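Worksheet: one structure, shown below.
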Amino acid sequence: MNSSIPDAVRAVQAVGAALSAGSDAVARAEIGRFADERKETAVYNRACASAALEHMLAERPSFRLRRRAAAAVASAGLKAGAWLDAAPYGPKLVQRGGARTSY
């Protein structure tokens with residue numbers, strides 16, 4: 001669901017290009033390009049979700065310690081509070097390939 005609207009828009013564009021293509025090879029190439037883009041986007045979205053989950057669960061002892069230390073000093077240190085608040089709860093990382101396009 002992280003990219004369902006862009007996925008739908010790109011799907012319509014790919015199908016339109018395939019239907020108006022002059023040959024089967026061009027139509028297949030357009031659909032293949034769409035599939036490659038969306039696969040890259042899915043991998044990117046999975047990485048974002050994994051990063052957010054890691055931040056929330058803090059299963060690694062080093063990360064858990066860092067999160068606890070930041071929480072302990074957050075009221076006195078704006079940087080620590082900002083780090084806690086800046087968890088990767090969505091696709092904020094630099095996107096690549098097909099994920100670069102927006103709605």
Side-chain angles (χ1 to χ4, degrees):
M1 290 189 41
N2 290 343
S3 63
S4 57
I5 292 173
D7 285 348
V9 169
R10 238 339 251 133
V12 168
Q13 292 170 343
V15 169
L19 290 174
S20 64
S23 69
D24 287 346
V26 173
R28 277 193 291 277
E30 182 57 35
I31 298 301
R33 200 170 15 264
F34 166 74
D36 292 342
E37 267 182 27
R38 298 336 301 168
K39 181 177 180 182
E40 183 177 349
T41 300
V43 168
Y44 170 78
N45 285 340
R46 183 180 61 200
C48 289
S50 295
L53 190 58
E54 179 181 17
H55 193 86
M56 290 184 282
L57 295 178
E59 291 180 344
R60 288 182 296 142
S62 61
F63 195 89
R64 192 172 27 247
L65 179 63
R66 182 177 178 196
R67 194 174 69 178
R68 285 182 185 161
V73 299
S75 61
L78 294 178
K79 198 170 187 179
W83 178 78
L84 286 169
D85 195 41
Y89 298 121
K92 295 179 189 174
L93 305 173
V94 175
Q95 298 181 6
R96 298 180 312 215
R100 237 183 264 135
T101 60
S102 64
Y103 312 84

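When reading the values below, keep in mind they use all heavy atoms of this one structure, side chains included, and skip hydrogens, waters and symmetry mates. Residues: numbered from 1 along the sequence shown. Every value quoted in this text rests on a predicted model; they were computed, and no experiment measured them.
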Task: Approximate separation, where rounding is to 0.5 Å, of Ile31 CD1 and Asp36 CG - done: 11.5 Å
Open item on the list: For Ala11 versus Phe34, what's the shortest heavy-atom pair and its separation?
Closed with: N-CE1, 3.4 Å
Please list every donor-acceptor pair under 3.5 Å in which a side-chain atom of residues 19-26 meets a protein atom from a residue at least two apart or in another chain.
| unit_1 | atom_1 | unit_2 | atom_2 | d |
| --- | --- | --- | --- | --- |
| Ser20 | OG | Gly16 | O | 3.1 |
| Ser20 | OG | Ala17 | O | 3.4 |
| Ser23 | OG | Val26 | N | 3.3 |

Task: Any residue meeting side chain to side chain donor-acceptor pair (under 3.5 Å) with Arg33, in chain and number order, not counting sequence neighbours - done: Glu30
Open item on the list: Let me confirm one number: the CZ-CG distance from Arg38 to Asn45, rounded to the nearest 0.5 Å.
Closed with: 8.5 Å
Task: Nearest heavy atoms of Ala27 and Ala18, plus distance in Å - done: CB-O, 3.5 Å
